[in-house]
Amino acid sequence: MRPRLIAIDGPVAVGKSTIGQLLAEKLGYSFIDTGTMYRALTWKALRLGIDLEDEDKLPQLATTTRIEFVLEDVYDKAYRVFVDGEDITGEVRSAEVERNVSLVSKVAGVRRVMVRKQRLMAGKGKIVMAGRDIGTVVLPEAELKIFLTASPEERARRRYLELLNQGNKADYSVILTDLKKRDEIDSQRMVSPLQPAGDAKIIDTEGLTLEQVVQKIWAFVEE
Ligand code: DC
């Protein structure tokens, strides 16, 4: 029996969403990137000018905001993200969202609402879900839990190349500094800090291609 719920956790820029999407495609499952949900909420809070540490308003905003993933093209399997019906795919990865998302995602009330939404989305299974706390908090019952790692330097290098390939300007040392700052906030926050579940399979992706990582996960899927 193949696992019906697969959790993929790990730090920023370790490749969770690309790898999760490839794996979901191979299995014919849906893919949910929970990081994008926190980004979408951050985008809306910024637009409304809400204080990004407001522990009353942000959970309320999380409750009333409709976040949806729509498969753009069944052939290239790209997902678009909608907030209250508005397509914000081009904005969820902006520098402004990137800088602020760690603040929003450490608010306990926000996490409670998001976890509830994520559990509902996981429904009956056939889901690959990526994030920071999927194996530990959101889906502790997942039959397969993967925790991906790579050094901050390797992750910064990958993000740097990705930005250059997309035709953007990029500064490696700025990316590395930001990434380390986000690692620190994500790992040290009080609620659901980034950490592997006790029963997670830890995969060090340093020096591996995306396909090699997917192959390693596939071996666990077939176990
Ligand atoms: O994976 P990402 O970079 O898109 O995640 C964006 C932010 O959201 C990141 O700072 C950590 C946070 N996050 C979280 O706290 N819990 C999750 N399940 C997913 C992401």
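Order of appearance sets the numbers: ligands from 1, and atoms from 1 within every ligand. Along the sequence shown, residues carry numbers from 1.
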Salt bridge check, [Y] against [X]: does any charged N sit closer than 4.0 Å to a carboxylate O?
X	Y	result
R158	E162	no
R47	E91	no
R39	E98	yes

Over all atoms of both residues, closest heavy-atom pair of M121 and I32: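 Taking M121 first and I32 second, the nearest heavy atoms are CB-CD1, 3.6 Å.
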Shortest non-hydrogen contact from K16 toward D9: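 Scanning both residues completely, I find the closest heavy atoms to be CD-C, 3.7 Å.
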Side-chain heavy atoms of T36 within contact of Y79, under 4.5 Å: no
Please report which non-hydrogen protein atom sits nearest to [atom], along with the residue it belongs to and the distance in Å to one decimal place.
atom	result
atom 19 (C) of ligand 1	T34 OG1, 3.3 Å
atom 3 (O) of ligand 1	R182 NH2, 2.8 Å
atom 10 (O) of ligand 1	S102 OG, 3.2 Å
atom 4 (O) of ligand 1	R39 NE, 2.7 Å
atom 12 (C) of ligand 1	S105 OG, 3.5 Å
atom 20 (C) of ligand 1	G35 CA, 3.5 Å

Pair listing, side-chain hydrogen bond (donor to acceptor under 3.5 Å, both in side chains) test, anchored in residues 142-152, at least two apart: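 Non-adjacent pairs meeting side-chain hydrogen bond (donor to acceptor under 3.5 Å, both in side chains): K145-D199, S151-E206.
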Results of salt bridge (Lys or Arg N to Asp or Glu O under 4.0 Å) for E141 - residues two or more places apart only: none
Out of all atoms in ligand 1, which are within 4.0 Å of some heavy atom of [X]? Include the element for each.
X	answer
G131	18 (N), 19 (C)
Y38	8 (O), 13 (N), 14 (C), 16 (N), 17 (C), 18 (N), 19 (C), 20 (C)
D186	9 (C), 10 (O), 11 (C)

Location of contacts on K106 toward ligand 1, heavy atoms closer than 4.0 Å: neither
Option nearest atom 9 (C) of ligand 1 (shortest heavy-atom distance, choices K16, R132, R159, R111): R132
